[in-house]
Amino acid sequence: MTQTVSSSEARHAERYSPGDVEAKWRSRWREQGIYEVDLHDDSRPKFYFLTMYPYPSGDLHVGHWYAEAPADAAARYRRMRGYNVLFPMGFDAFGLPAENAAIRAAREGQDVHPATLTYERIARMERQYDQMGAMFDWSKKVVTCDPEYYRWNQWFFLKMYERGLAYRKESYVNWDPVDQTVLANEQVIDGRGERSGALIERRLMPQWHFKITDYADELLDFTGLDWPERIRVMQTNWIGRSEGAEVVFKTEHGDDIVVFTTRPDTLWGATFMVLAPEHPLVSKLTTPDRAEAVRAYVERSSHMTELDRQAEAREKTGEFLGSYAINPVNGERIPVWIADYVLMGYGTGAIMAVPYGDERDFEFATAMGLPIRPVVRPDGATGPDDELPGPWTGPGTIVNSGPLDGLRHNGEKGRANPAIAAAIDHLESIGAGREQVTYRLRDWLISRQRYWGTPIPMLYCDECGIVPEKEENLPVVLPADVAFMPTGESPLKHHPAFVNATCPSCGGKARRETDTMDTFMDSSWYWFRYLSPHDDTRPFDPELVRRWTPVDVYTGGVEHAILHLLYARFFTKVLRDLGLVDISEPFTMLRNQGIILGADGEKMSKSRGNVVNPDDLVAQYGADTVRAFLMFIGPWDQGGPWNYQGIEGVYRFLHRVWALVVDQEAPAEPGPDADPSAAATELRRAVHKAIKEVTEDLEAFRFNTAVSELMTLANAMGKAKPHREALGDAWTEAVRSLLLLMAPFTPHVAEELWERSGFEGSVHLQTWPAHDEAALMAETVRMAVQVNGKVRGQVEVPVDADDAAVLAAARSEPNVARYLA
RNA sequence: GCGAGGAUGGCGGAACUGGUAGACGCGCUGGACUUAGGAUCCAGUGGCCUAGCCGUGCGGGUUCAAGUCCCGCUCCUCGCACCA
C-alpha cells in the first residue's frame, strides 16, 4: 500500500486534505441539524428512502459502505429534488451472535451480557457511520432490543393471537443442533442452518406459528410494485402455488387417504399409492406381516437429515404396507406403499402414483416392479394404447381412462386444461374429490429456544390452558440475570422468577412461555416505528403512517429476497387487516446491491484474510473517495471483487476538482488560436450533458456511470480552464453545477468547495440543477457520411450548417477523404 | 434438470429505441518538473504482415448498417430442485 501524500501537502497548503475537510463539515452539519427531518412538514412532498438496518456486529465493514453510501447518494439526490426525505437508520439488535458470544465468555468464566455487548457495538457502529457522512436522521433511531420497541412485537402477537393468526401446533420442525434452536423453513438452505451451517434435524415439537399461508395468494400479487424480477420470481417459487384436485381413496380399513394431484386427468393410470414415512395412517394401514420392514424403514428415514434425503435423490426406496386402497374412478384395488420421496410437508403427505405420467413414480414403479398403465397418447405416437412407453408428462390425448378418453391434455395447468377440467367435474360428480390449490409455503414458525429475543407473551395455566398476557402487563421484559448455557432450551426456562407467574385469566399459578420470537419479527415492521420511535402508547402514529408510508424506495441485499421481504409484506397485510394501517404493500420500489468480494474474488472473511477495513481506507483517502469509489467500481446490483488500485483514480479525481476550483494561480496563457466563444459553448455543452446524464443515472441507480460523468465534466473543465478569464459566467456556472452534481456522491468536499467558491448556504440544501436541452442539442449534430452507397464515416457539424459546410466537414474526415480520393 | 442473468482491450467496466465499439478509471509507454519520485502534470495506449485490414464467447442469418435483432451452440454466475 502506498502512504499518504502528507509530505507534499505540507508544501502546497492548498492541496485537498480530506481529513480536515470531512471533520469540519461533519461537526458543522451536526450542529446545524441539517439532517433532522420534520415529519409534520407538508410544504414539500414526502419521500421515504429506507435502507435495510444492520445487525450490530461490532464493526462496519466495507459491505455496509457498499450498501449504504450509494443509498445515501440517492436519498440526497431526492432531497435536492425538493422532497422532504426521511432516511432513517437503526439496529436489528436481537439475535444469536451476541448470545453465542455470551456463552463463549461464560465457558471461559467471564461475564458478558448480550445486552451490554450489543449496546457497545451499536455505539461503535454509530461512530463509524458518522465517518461516512451519510444524511441519516439518527433522531429516529430504532433499536429492536429496547423494551420500548419489542413490547410492540408482543402487542402485535396478542392481536394476531386474538385473530387466530398466531397459533401453537405440534409438528415436525427444523432443529439446528449447533445454534440449539428450531428454525423457520426459510432459514434452512440446502438442509443446513442458514446461520450455523449445521445439518438440520427433524424434531416433533409444539411451536408457535404465524398463519402466513392465509396470505399466500395475496403475496403472489406484485401489482404496482417496482421490484427486481428475480426477487419476484424467488418469492413466487417459494410460495409455490399449484392448481389441481384433492382426491379421496378409501381403504379396506375404513380410513380414507386424501391426496393432492395436479394431474387428476391421469387418475385412471394410478396403479399404487405412496405415503410419506411420517404419515399418520402408516401404522393403521400396515399389515402384521409387513410390520417389521415398515417399522425399520420409518425408523431409518426419521434419522435422515434433509441432506441425506437429497443425496439419495433419484434412488427410490420404499416398503409395501400390505394393505390396499380403492381407486374411486374405476374401483380398482391398488397397493399402498411408503417412500421417502413423498414429503409430509407438502400437500397431504400422500400421493396417488401414476408411473406413466410422472417421472418419480415411474422410477419407483420400475424399481419395485409395479405396473405402469399408459393414459396419455403423445401427438404422433404409434402403436397400441397399452404399449406406449412412458413416462410422458407432456400434452397428448387421454386414453384408457373411461369417460375422459379422447379428451385433450394441452399442457396447461388447472381448469385451463380440458382434460383436467373434465377430470375435476367427474370427481365432483362421483363425490370422490374436488378442485384444490396447494402451496409450498408453510406457516411461519416463530418460536426460538433462545434468550436474546422478544419473549412470547403467553402463559400456560393448569386450569385455563394457554392464556395470553394482558396488554397492560406489556412489555414482558427479558430478565437480565440468566445463565448462558446452550441447553437446547431457552435460558429463560431455568429462571424461576420469569417462569412462575400468575394466570392473567384466573389468577392461579401459571408458567410463562420461555421461547422467544424469531428476530425476523423485529424487522417485519421497523420502518413504521421510525416515524415515532419513542411513542409508549402505541406502536406507531397512524397519522404519520398515513402520510409517510409506503416506503418509496427500499434498498438492501438480495440475501433477504425471501426471508425478510416476504415476512415484511405479510406483516403489512396483517396490520392492514387489524385496522392499523391502510396500505397492503410496505415497499413500493426495491433495489438490491450486489456483494462486494475480496481482491481474490472470494467472499470476504477473516479466515481468508481478504477483508477490507473501511476505517483504514477512510484514514488514507477520506470518506468521499471511499464513497465515490464504491459507487464507481461497477454496476451496484452486481457487486464484485475489490480492487485496491482503482481507488487511486477516484482520489486523483477529487484532487483535480480541488485544484480546478481552489487554485487561484493565473491560468495558463490561452493558445493563439483560442476561440473564447467556442470554448464557452463547448463548456456549456459539457455541463448540461453532465447534468442530464447524472440525473438519469441517479434515477436508475447507475452510480458507476454517474461518477464517470462527473469525471468527464471535470476533464472538460480542465481543458477550458486556460480560457477562464474569457469564459466569465460560463466558468462560474460550470463550477456551480459540478459541485451540485457532486454533492450526493462526495458530500464533504462538495460542501467545502461550495463555501470556498463563495456560493450561498449549504450545497446540500440547494435545488438540483436542470439541464438545458438547447445547450445540448442545438450546437452540433452527428451525420453518417456515405461514399458510393457505403457508410464510411461520421462527422459532427453545426446543426445549421449548409450543404457546402457539411461537404467540407466530410472531406476533412480522414477516413471519408480516403474514399473520395 | 427447470428458471433468470451474463460473456466487450492487460483489468473494472461504457455504449438510449440497431447507426458505425471500447466512455470513465486502473495499468502500461513516453515526456515535463525534479537530488529522487512509488508525488504531480502533459501525451499516447484494441490487435495486426499498418496505402489497409481484423476485432464485442462460437457458428449461421436479417440489414445500407448488428455488441445490440433472429436461429443453433459453448461456458460462467445466481436462484429453485424428488413440491405430486
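Because the structure is a prediction, the values reported are computed rather than measured. In what follows, every chain begins at residue 1, and chains take the letters A, B, ... in the order their sequences are listed.
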Could you list the protein-to-nucleotides 10-14 of chain B atom pairs, N/O on both sides, closer than 3.5 Å?
unit_1, atom_1, unit_2, atom_2, d
G12(B), O2', Ile633(A), O, 2.6
G13(B), OP1, Gln638(A), NE2, 2.6
A14(B), OP1, Asn704(A), ND2, 3.2

Using the C1' atom as the reference point in each nucleotide, state the distance between G10(B) and G79(B) in Å, no decimals.
33 Å
Using a strict threshold of under 4.0 Å (side-chain N to carboxylate O), is an ion pair present between Arg300(A) and Asp340(A)?
no
Closer than 4.0 Å, any side-chain N/O of Asn237(A) to the OP1 or OP2 of C2(B)?
no
Looking only at atom P, what distance separates G6(B) and C70(B), rounded to whole Å?
13 Å
Calculate the interatomic distance between Glu696(A) atom CD and A15(B) atom P; express it in whole Å.
11 Å
With rounding to whole Å, what would you report as the distance between G19(B) and U63(B) at their C1' atoms?
12 Å
Look at all strands and tell whether Asp361(A) reaches a base, only sugar-phosphate, or nothing, counting heavy atoms closer than 4.0 Å.
nothing
Check the distance between C26(B)'s C1' and Met711(A)'s CE and give it to me in whole angstrom.
10 Å
For atom C1', what is the distance between G9(B) and G46(B), given to the nearest Å?
5 Å
Can you tell me how far P of U77(B) sits from CD of Glu559(A), to the nearest Å?
20 Å
If we take the P atom in both A15(B) and G22(B), what is their distance in whole Å?
14 Å
Can Arg702(A) and Glu709(A) be counted as an ion pair, charged N to O under 4.0 angstrom?
no
Is the phosphate of C26(B), meaning OP1 or OP2, less than 4.0 Å from a side-chain N or O of Arg652(A)?
yes
Quick one: on RNA chain B, does Met234(A) or Phe260(A) contact a more 5' nucleotide (nearest heavy atom)?
Met234(A)
Output field dot_bracket for RNA chain B (Watson-Crick or G-U, both distances under 3.5 Å, | for other-strand pairs) contains (((((((..(((......[....)))((((((.......))))))(((...)))..(((((..]....))))))))))))....
Looking at Tyr567(A) and Ala184(A), what are the two nearest heavy atoms and their distance?
OH-CB, 3.6 Å
Arg15(A) CZ - U40(B) P separation (whole Å):
7 Å
Would you say A81(B) has OP1 or OP2 under 4.0 Å from some side-chain N or O of Arg440(A)?
yes
Residues Asp616(A) and Tyr621(A): side-chain donor-acceptor under 3.5 angstrom
no
Please state the P separation for the pair G5(B) and A66(B) - nearest whole angstrom.
25 Å
U45(B) and U35(B), which share atom name P, separated by this distance in whole Å
32 Å
Has Glu693(A) got a side-chain atom pairing as donor or acceptor with Ala690(A)'s backbone, closer than 3.5 angstrom?
no
Taking the side chain as every heavy atom from C-beta outward, state whether Phe632(A) and Ser708(A) have any pair of such atoms under 4.5 Å apart.
yes
Tyr621(A) OH to A39(B) C1': how many Å, rounded?
13 Å
Glycosidic conformation of G9(B), taking syn as within 90° of 0 and anti otherwise:
syn
d(NZ, Lys689(A); P, C16(B)) in whole Å
12 Å
Indicate yes or no: does Arg415(A) engage Glu243(A) in a salt bridge with an N to O separation below 4.0 Å.
no
Just how far, in rounded Å, is C1' of C26(B) from CD1 of Ile647(A)?
12 Å
Is there a donor-acceptor contact under 3.5 Å linking the side chains of Arg230(A) and Asn592(A)?
no
Flag, side chain of Thr266(A) to backbone of Arg263(A), donor-acceptor distance under 3.5 Å:
yes
Using the P atoms only, state how far G57(B) lies from U50(B), rounded to an integer number of Å.
27 Å
N/O (side chain, Arg656(A)) to phosphate O (OP1/OP2, C24(B)) under 4.0 Å
no
Can you work out whether Arg230(A) or Lys719(A) has the more 5'-proximal nearest nucleotide on RNA chain B?
Arg230(A)
Would you name the heavy atoms of Phe362(A) and Ile372(A) that are closest together and state the gap between them?
CE1-CD1, 3.8 Å
Without decimals, in angstroms, what is the distance between Phe653(A) CZ and C41(B) C1'?
18 Å
Would you call Glu363(A) and Lys316(A) a salt bridge, using N to O less than 4.0 angstrom?
yes
